[in-house]
2 protein chains.
Amino acid sequence: MAKYQKIYHELSTRIKNGEIRSHTYLPSENELMKQYGVSRDTVRKALDLLLNYGYIQKNKGKGSLVLDLNRISFPISGITSFSEMVKTMHGEIKTIVHVFYEQEADEELKQQLHMEKGKVYHIERIRSIDDEKVILDIDYLNGEVIKGLTLEHAQNSLYKYIENELGLKISFARKEITVEKASKEEMELLDMAGYDLLVCVKSYTYLEDATLFQYTISKHRPDKFRFVDFARRMEL
Amino acid sequence: MAKYQKIYHELSTRIKNGEIRSHTYLPSENELMKQYGVSRDTVRKALDLLLNYGYIQKNKGKGSLVLDLNRISFPISGITSFSEMVKTMHGEIKTIVHVFYEQEADEELKQQLHMEKGKVYHIERIRSIDDEKVILDIDYLNGEVIKGLTLEHAQNSLYKYIENELGLKISFARKEITVEKASKEEMELLDMAGYDLLVCVKSYTYLEDATLFQYTISKHRPDKFRFVDFARRMEL
DNA sequence: GAGTGGTCTAGACCACCGC
DNA sequence: CGGTGGTCTAGACCACTCA
């Protein structure tokens, strides 16, 4: 790990622990240079990470103010996958793999996954929290990029397989959140508790070399959906 | 404006225009140094902005790949306010100021706005698109920070007043998206078209010096809600 | 091996803040 | 005024990609 990442890591965990308290100022960049024995640019890169992830706010002439993380609970960034989401939740989680097969990409999938031809994995999983079936995840994965997927992997975590076993790096995602009427099938698959709408999170996930490898639609029962975001004001 | 911001601005607009096409590589950092007559660090800062806002993807040993912006439509970042949202929409927009008064902060508001005592503006606005009342915005503003608000300002844009007339700078926001049952009052205020749920976007907005000045609940009719996000994978 | 981006350094000047 | 963060420079070494 690079120096500036180590410094970011140390400072962020100390802020999370409460060892560095919110509403106080971090040591100045000059001071941090001395403490860590690095150049100012290295310190600044670490602070840039803290800034981007909402840990601090920098003020000219004053210093780096530590923000109050508990005002809205973590995580700062949006949901990336079910397994990341459940970390922040309580309750017993189960996954039922409802659909799992490999198919030739049809016209719509070719367009969604931006591929010419080839195989696509189609996976549907029902997620239950405390024995209530409240989330339906529908995944389409480019079979030319992700190879050797099994039902086992779908039962556990797709991301773990992709990152750890295939050694691919997930880089970025584009997400869209809308609310849609549940279909009859969906009403039967999930425990709808009287609701007839589902919150749909559509996401397109890309690898480090910018190849799109996954298109996911994650449908949540409205009362079990929550999305938290931290955003700095767009410049320009 | 700083040099690196100018370079960012030029490159980003050229990407948006299509003058620089997606799926091509930008000139190398070395090349950009020469073209703009700046140091490598300055070029890199400009590229960092492009990276953060989802314009490019950098690959070691290869270069900076221009991403396809139209895959999911803009804006890249989330909603910050109604007036920013409508820029990306079609249809005729109207605002009705439904509630506007100044009140002494009660216990709940003191906690939400993180203030000891003082006045709070309470504003409720109904937003209509093509004469359908589909959004209810409820704003609470710290009256000790934001002074001299009038009904006029509420009718137009609060942010314009705060940034242009008061000269304050809005810095960052924390947002939470959930779905809740509409109350009887809300059902009457809005054209619900048979829906009984509302998508609630709660946001806490901060100034540059990290003072919280606004707490907003924006309630959207489910079919009129859409949120787009671009996220890089969290490191560490 | 030449070119790319990733990291790190040392030094400089500026605008802003608070005393 | 001294200290803070914001910007910019010039130079260095590394790991990676591609021919």
Side-chain angles (χ1 to χ4, degrees), chain A residues 1-11 20 23-52 55-67 167-169 171-172 206-211 232-233 235-236, chain B residues 1-11 20 23-52 55-67 167-169 171-172 206-211 232-233 235-236:
Chain A
M1 194 166 17
K3 284 188 190 175
Y4 75 94
Q5 287 174 332
K6 276 186 196 159
I7 296 173
Y8 161 73
H9 192 59
E10 183 182 326
L11 290 175
I20 301 177
H23 306 295
T24 65
Y25 280 92
L26 285 183
S28 74
E29 295 180 353
N30 229 303
E31 190 59 37
L32 289 169
M33 280 171 67
K34 290 176 202 157
Q35 283 184 24
Y36 288 98
V38 296
S39 73
R40 183 156 168 236
D41 236 45
T42 304
V43 168
R44 284 178 62 73
K45 273 188 195 160
L47 295 183
D48 275 352
L49 284 175
L50 292 172
L51 189 72
N52 277 324
Y55 287 96
I56 61 168
Q57 174 68 13
K58 297 177 101 177
N59 291 320
K60 268 185 238 179
K62 289 173 128 182
S64 300
L65 183 65
V66 179
L67 296 178
L168 299 171
K169 274 191 190 165
S171 175
F172 62 95
Y206 297 77
L207 296 175
E208 218 174 20
D209 63 353
T211 52
R232 290 197 177 272
R233 193 143 172 83
E235 39 206 308
L236 311 180
Chain B
M1 194 164 20
K3 283 188 191 176
Y4 76 93
Q5 287 174 334
K6 276 185 197 160
I7 297 172
Y8 161 73
H9 193 58
E10 183 181 326
L11 291 175
I20 300 177
H23 306 296
T24 65
Y25 281 92
L26 285 184
S28 73
E29 296 180 353
N30 230 303
E31 191 59 37
L32 289 169
M33 278 171 67
K34 290 176 203 157
Q35 281 183 26
Y36 289 100
V38 296
S39 73
R40 185 159 166 231
D41 235 46
T42 304
V43 168
R44 284 177 63 73
K45 273 186 193 160
L47 295 183
D48 275 351
L49 284 176
L50 292 173
L51 189 72
N52 277 323
Y55 287 97
I56 62 168
Q57 174 68 14
K58 295 177 104 180
N59 292 321
K60 269 185 236 176
K62 289 173 124 184
S64 299
L65 183 65
V66 179
L67 297 177
L168 299 171
K169 275 192 189 163
S171 174
F172 63 94
Y206 296 77
L207 296 175
E208 218 174 20
D209 63 352
T211 53
R232 288 197 178 272
R233 192 142 172 85
E235 38 208 310
L236 311 178

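Predicted, not measured: the structure shown is a model, and the values here were computed from it. Convention: sequence-line order gives letters A, B, ...; per-chain numbering from 1.
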Set of side-chain hydrogen bond (donor to acceptor under 3.5 Å, both in side chains) partners for B/Lys3, sequence neighbours left out:
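Counting only residues at least two positions away or on another chain, B/Lys3 forms no side-chain hydrogen bond (donor to acceptor under 3.5 Å, both in side chains).
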
Margin query: For a quick test of reading the model: is some side-chain N or O of A/Ser28 closer than 4.0 Å to OP1 or OP2 of D/dT4?
Written below: yes

Protein-proximity profile, nucleotides 8-19 of chain D, B/S/- by nucleotide at the 4.0 Å heavy-atom cutoff, equals SB--B---BSS-

How long is the line joining [atom1] of [X] and [atom2] of [N], in whole Å?
{"X": "A/Leu50", "N": "D/dG5", "atom1": "CG", "atom2": "C1'", "value": "15 Å"}
{"X": "A/Lys6", "N": "C/dT7", "atom1": "NZ", "atom2": "P", "value": "13 Å"}
{"X": "B/Asp209", "N": "C/dG18", "atom1": "CG", "atom2": "C1'", "value": "15 Å"}
{"X": "A/Leu49", "N": "C/dG6", "atom1": "CG", "atom2": "C1'", "value": "13 Å"}
{"X": "B/Leu26", "N": "C/dT4", "atom1": "CG", "atom2": "P", "value": "13 Å"}
{"X": "A/Met33", "N": "D/dG3", "atom1": "CE", "atom2": "P", "value": "14 Å"}
{"X": "B/Leu47", "N": "C/dG5", "atom1": "CG", "atom2": "C1'", "value": "10 Å"}
{"X": "B/Tyr25", "N": "C/dG5", "atom1": "OH", "atom2": "P", "value": "10 Å"}

Out of C/dT4, C/dG5, D/dG6, minimum distance to the side chain of B/Asn30 belongs to C/dT4

Contacts of B/Glu10 meeting salt bridge (Lys or Arg N to Asp or Glu O under 4.0 Å) (sequence neighbours excluded), chain-then-number -> B/Arg14

Test side-chain contact (heavy atoms from CB on, under 4.5 Å) applied to B/Gln57 and B/Ser64, step by step:
CA-CA 6 Å; B/Gln57 174 68 14; B/Ser64 299; over 6 Å; no

Over 60° means perpendicular and under 30° means parallel, so tell me whether A/Tyr8 and A/Tyr55 are parallel, tilted or perpendicular.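 It falls in the perpendicular class, over 60°.
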
Assess the residue pair A/Leu50 and A/Val66 against the criterion (side-chain contact (heavy atoms from CB on, under 4.5 Å)); give the C-alpha distance rounded to whole Å, side-chain angles, the decisive distance to 0.1 Å, and a yes or no.
CA-CA 9 Å; A/Leu50 292 172; A/Val66 179; over 6 Å; no

So does B/Glu29 pair up with B/Lys58, basic N to acidic O under 4.0 Å?
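Yes, charged N to carboxylate O under 4.0 Å.
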
